[in-house]
Colleague: 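Could you have a look at this structure, given as structure tokens, before my questions?
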Amino acid sequence: MNKVLLIIQREYLTRVRKKSFIVMIFVVPLLILVMGFVIKLVAEDSDKISSLQTVNVIDKSGVFVHKFHDDKNIKFNYALTDLKSSKEILKNSEGISILYIPANYLQKDSVQIFSKKKASLPLADGIEKQMNEIAFADNLLKHNIDPALLASIKKTNISLNAVEISDKGDKNANIGPNILIGIACAIFIYLSLFIYGGQVMRGVIEEKTNRIIEVVISSVKPFQLMLGKIIGVGLVGLTQFSAWIILSAISTKIAGHSFNTPGSGLFSALQVIQTIPFGFILGCFLFYFLSGYLLYAALFAAVGSAVDSETETQQFMFPITLPLLFTYILAVSVLFRAPDSPLAVWLSMIPFTAPVAMMVRIPFEPPVWQIAVSMCLMVIAFLFTTYIAARIYRVGVLMYGKKASFKEMAKWFFYKE
């Protein structure tokens, strides 16, 4: 046990004492804070970024004449020339487009927009929206319906407030923040498993290629060495995440007091976020980070022991990381929309997919028995995976020059001590 502790201490201290580690602890929360403000500023000034576009309208139907209204970035003119002449002028002009509306404008793809460069999506969407509104109003008039009266009747502003019924009483469900927090946790775990698992693998490869491993193995058992490496690097990741969480919380508080006033959008957002049970979510996050890391790091260590360079790891890495990648894609596209669906439930139970899938579901408070079963299966899977990886590691770590395969690694597993 003392030897394992020494290996853990060495792996932990050699990484924590690096200047890059210390710098990144402070830089990452600062970058997140700066990025948030930059996104806010860009979103507010997005209209100023786009240049003014002039659209010359050639309307053969007569329905749209003088009915387009200028926008912040779009100015409409009504061309008196034909389409051919307008195209000739367009060849030497930038920032100008031609909107051609034929008499049969209701036919598919009959309305066309010409420009020297490809028309931007906001420009096309803005024109389409105005044309649909104008055409709709024209149809209403044809049926003797007053568009202004209909618009006034349709003007409503109903907002839905999701409320969750619990034993402690009714409370705000906070659907939007829950979705964001679930996806954010899933992304953090997905990235951390690759980052810190990769560090274990690269450490094994480096020691193997430098022949340091031969000296180390003479003093400790291969299993002790692998376990020490995995736990040591895992503690590094835990330290880094803990520091980021604390510093992010402090910076958010400072930003909240410095830049927010009651009634502002960011102030309201912070108030909503504070109602979310962060203690429960953080506890689950730490468990799935550690258990998921231990599960995958053991496999990464086995892969590192089977190869002589990092370029040879690709054939083994893809099958190992495929379940994680598959779940990550589903997490950011499907699972948050239906956190209690059979697909989400099963993915949160399978150990190789649970760290990402369950973190998407945790903010939506899944049944306690599902969380308990998932956690138990994670522990069992980690112990079983570590056993398999250790039996491969003990042989592969002393193999040189021979390219390993899955068949060869299966043989190593059955070798006797």
Colleague: Does the Ser374 side chain pair with the main chain of Ser348, one donor and one acceptor, at a distance under 3.5 Å?
Modeller: yes
Colleague: Near Lys75 NZ, under 6.0 Å, is it more than 12 heavy atoms from other residues, nucleotides or ligands?
Modeller: no
Colleague: Using the side chain to side chain contact (heavy atoms under 4.5 Å, CB included) rule, pick out the option among Asn56, Leu99, Val55 that qualifies with Asn77.
Modeller: Asn56
Colleague: Would you mind listing every salt bridge (charged side-chain N to carboxylate O under 4.0 Å, His left out) that reaches into residues 223-238, with sequence neighbours excluded?
Modeller: Glu11-Lys229, Glu207-Lys229
Colleague: Going by heavy atoms in the side chains, are Val379 and Ser291 under 4.5 Å from each other?
Modeller: no
Colleague: Under a 3.5 Å distance rule, please check whether Trp244 uses its side chain to pair with a backbone N or O of Met24 as donor and acceptor.
Modeller: yes
Colleague: Do the side chain of Thr353 and the main chain of Ile350 share a donor and acceptor less than 3.5 angstrom apart?
Modeller: yes
Colleague: Measure from the side-chain N and O atoms of Asp70 to the backbone N and O of Phe76, and report whether any donor-acceptor pair falls under 3.5 Å.
Modeller: yes
Colleague: Could you verify whether a donor N or O on one side chain and an acceptor N or O on the other, from Tyr190 and Thr327, lie under 3.5 Å apart?
Modeller: no
Colleague: Tyr296 and Thr321: side-chain donor and acceptor closer than 3.5 Å?
Modeller: no
Colleague: Is any side-chain heavy atom of Tyr12 less than 4.5 Å from a side-chain heavy atom of Val233?
Modeller: no
Colleague: Could you check whether the rings of Tyr105 and Phe64 sit parallel, tilted or perpendicular, using 30° and 60° as the cut-offs?
Modeller: perpendicular
